[in-house]
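Scroll down for the structure; my scribbles are underneath it.
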Amino acid sequence: QVVKVSTTSLQLSRLVLCALDHFAHTFAMQGVALLLLLQQLWAASAAGGNHTRQQNTCTPPHATCTCIHPSYPCYAWSTRSQRCTCLGTSEAACNSFSGQYCTRPGSCIANCKTCKSDTECETCEDGFELLTMSAGSPKCVELAVDPSSLNVKGNLVLFGNANAFAALELGYGGDSNARYQAIKYIASSFLRHYEDVFDGVVVFPHSTLAGSLSYGQQWGTSGSTEGGSLKSIITMQNYGPGVVAPLLHEITHRWGVFLDFLDPPCCHWGMTALDKHGMLGGFARDNIQCESGTFPNCNTNSLVWDFSAGSAQTSNDGIGAYSKYELLLMGLYSASELTDEEPLVHCHGASASYGSGATRVTCSGGIVVKTPEQVQASISSSTLAKQIAPGSEVRMAAIAIFPTKEEAASEASTGSYTEGSDLEWLNTYVGEAVGRFSSSTFGRASMSFAVTAADCRSASGCFAPDHSPAPVATPAPSPAPTPAPTPAPSPAPTPAP
């Protein structure tokens, strides 16, 4: 008898896995194994939905290792979940119910520590990272060992590396795996020469880099060295003069949103009415009304939503202060300090998430109202672990990547950036972000992009003299925002490493 896998259960499992996948990207670099597992389960779920099973057997979507996570190596039918998935069992047990057991090959490519297949690597040896520099499988490439490839000038670390730039160019062109690998390689190379004392590393191309994946994106970490400080790695376009970009948006992904009452429980506020348009989206509550009743105590689940009052996902640094609820997620406010704050209101199952002006929106899942105390109780343990205390300084490093170390060194040798160039804009923009962050948090936290000789690992001799002073941080966003908000939702689910 041939039995179709339940579409309803498959859709539900996909929703759960999607939420978990978005949540997991805030975990550690060493938590990549968790991401691999989630992606395998997603693939297995998709395979289960697209194939029929006969007598509780599954057709693997891959010829060798479908389930590469070492704790869940068996691709087979699960009687508990009633679908094909990755199971944690022995090879003998897996074979007994006609499953596919993933046995890792002993060798695959040079400098690989753990192989995925005969030709693919999952984890490289220490001192190496996966990089995809052209179409095809990635290679294990040694981290930058030459300290002359990294130079500090103004607010930027100038890094010249042909392999990393080729991978970033490929990534911005549309290869999401190459993009993630490039950012991870660049951050790891930086921390090979500088102490792991930075909360985040932001990677920019040295000039505007075109491509379909040129929007900003953040991935979570918990330190590349034991006890390290690194919490996130970010990439963002070098937009060039005349633009106020979404740097604070990407930095804020370290803390949010990931509240289980949101639809979806992901990384932006979505259809949520807050005190104001937040860095991670959301809408000013003063512009939202009940179709019947007094907001937020509506008589029906229909609202009149003003889409000009914010965005479900996007922002830029020119929107002004953070929402008080974002500062609550960051740890800069406590719920007891926000007792007079109006509750946030979320439209669950919104019939629309974008539009023009005042639009009728139906919340099929209901209108969710949460006080600051209820929001604080919903913050996950992983977000709580990354919160900062009032008065904290967030240390960041901004890295501009060049195609060669010679080009980076040449730029570092001059006293200032060329007037009107993309690099001059970037240097100034990063400096101004310091003041923006302070004013946007109402002075409750500060930010620094300083990379000094004191941060250099003593044995590497990595620091090159700075030739120009960092610009004075401006106390308020300047100029007024001019670009369209972040071109695409960010962050997207973390690519497979």
Side-chain angles (χ1 to χ4, degrees), residues 110-111 124-134 138-173 178-196 198 201-211 224 230 233-238 240 396-418 421-427 430 449-453 455-468 470:
N111 304 307
C124 297
E125 296 284 357
D126 293 344
F128 293 79
E129 289 285 356
L130 285 169
L131 268 186
T132 304
M133 296 159 286
S134 60
K139 298 178 180 179
C140 288
V141 179
E142 187 174 16
L143 299 177
V145 296
D146 184 357
S148 68
S149 63
L150 292 104
N151 299 271
V152 176
K153 180 178 176 180
N155 297 304
L156 307 177
V157 177
L158 310 181
F159 179 30
N161 186 282
N163 290 332
F165 188 83
L168 186 67
E169 192 170 35
L170 185 65
Y172 269 48
R179 196 165 104 122
Y180 169 71
Q181 291 164 1
I183 305 310
K184 189 168 183 284
Y185 176 90
I186 293 167
S188 297
S189 290
F190 171 73
L191 292 178
R192 183 168 187 161
H193 298 280
Y194 290 90
E195 297 288 349
D196 190 355
F198 298 89
V201 171
V202 191
V203 176
F204 302 86
H206 71 99
S207 62
T208 302
L209 194 59
S224 290
L230 193 68
I233 54 175
I234 297 167
T235 188
M236 208 175 79
Q237 178 68 276
N238 185 342
M396 304 293 294
I399 302 176
I401 180 72
F402 288 75
T404 67
K405 70 176 183 179
E406 289 78 17
E407 290 177 75
S410 175
E411 180 61 57
S413 68
T414 62
S416 61
Y417 292 104
T418 302
S421 67
D422 289 351
L423 278 172
E424 184 198 42
W425 169 83
L426 181 60
N427 184 59
V430 168
F449 280 90
V451 179
T452 70
D455 301 319
C456 184
R457 296 187 187 274
S458 58
S460 66
C462 55
F463 187 75
D466 187 0
H467 295 277
S468 61

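Here the structure is a predicted model, which is why all the values come from computation and not from measurement.
The minimum heavy-atom distance linking Ala408 with Gly160 is given by the pair CB-N, 3.6 Å. Shown here for Asn238 and Leu423, the closest heavy-atom pair between the two residues is ND2-N, 4.3 Å. Here the closest non-hydrogen pair linking Asn151 and Ala409 is ND2-CA, 4.1 Å. Heavy atoms only, all atoms of each residue included: Ala144 and Ser189 are closest at N-OG, 3.1 Å. Of all the heavy atoms in Phe128 and Cys140, the pair that sits closest is CD2-O, 3.7 Å. Here the shortest heavy-atom pairing between Val451 and Ala397 reads CG2-CB, 4.1 Å.
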Quick one: do Asp422 and Phe204 satisfy side chain to side chain contact (heavy atoms under 4.5 Å, CB included)? Show the steps, please.
CA-CA 11 Å; Asp422 289 351; Phe204 302 86; over 6 Å; no
Any chance you could lay out the side chain to side chain contact (heavy atoms under 4.5 Å, CB included) test for Thr404 and Phe165, step after step, and finish with the verdict?
CA-CA 8 Å; Thr404 67; Phe165 188 83; over 6 Å; no
Would Met133 and Leu170 satisfy side chain to side chain contact (heavy atoms under 4.5 Å, CB included), going step by step from the backbone distance to the final call?
CA-CA 7 Å; Met133 296 159 286; Leu170 185 65; over 6 Å; no
Ser148 vs Lys405, side chain to side chain contact (heavy atoms under 4.5 Å, CB included): CA-CA, chis, key distance, verdict:
CA-CA 7 Å; Ser148 68; Lys405 70 176 183 179; 4.1 Å; yes
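Checked against side-chain hydrogen bond (donor to acceptor under 3.5 Å, both in side chains), Asn111 has no partners two or more places apart in sequence or in another chain. Remark: Thr132 pairs with Gln181 by the side-chain hydrogen bond (donor to acceptor under 3.5 Å, both in side chains) rule, at least two apart or across chains. Ser410 meets the side-chain hydrogen bond (donor to acceptor under 3.5 Å, both in side chains) test with no other residue; sequence neighbours excluded.
Residues Val145 and Arg192 meet the side-chain proximity criterion, which asks for heavy atoms closer than 4.5 Å. Using a 4.5 Å cut-off on side-chain heavy atoms (C-beta onward), Tyr194 and Val152 make contact. A 4.5 Å side-chain heavy-atom check between Asp455 and Phe198 finds at least one atom pair inside the cut-off. Thr235 places none of its side-chain heavy atoms less than 4.5 Å from the side chain of Ile186. Between Leu131 and Lys184 the shortest side-chain heavy-atom distance does not fall below 4.5 Å.
The distance from atom CD1 of Ile399 to atom CD1 of Ile183, rounded to the nearest 0.5 Å, is 9.0 Å. Interatomic distance, Leu130 CG to Tyr185 OH, rounded to the nearest 0.5 Å: 12.0 Å. One distance of note links NE2 of His206 with CD of Glu411; it measures 10.0 Å at 0.5 Å rounding. Asn163 contributes atom CG, which lies 11.0 Å from atom CG of Leu143 (distance to the nearest 0.5 angstrom). With rounding to the nearest 0.5 Å, the separation of OG in Ser188 from NE2 in His193 is 11.5 Å. How far CD of Glu407 is from OG of Ser149: 13.5 Å, rounded to the nearest 0.5 Å.
At distances below 3.5 Å, at least one donor-acceptor pair connects side-chain atoms of Gln237 with backbone N or O atoms of Leu209. Tyr417 places no side-chain N or O within donor-acceptor distance of the main-chain N or O of Leu426, the cut-off being under 3.5 Å.
Remark: the Ser421 side chain and the Glu424 side chain contain no N/O donor-acceptor pair separated by less than 3.5 Å.
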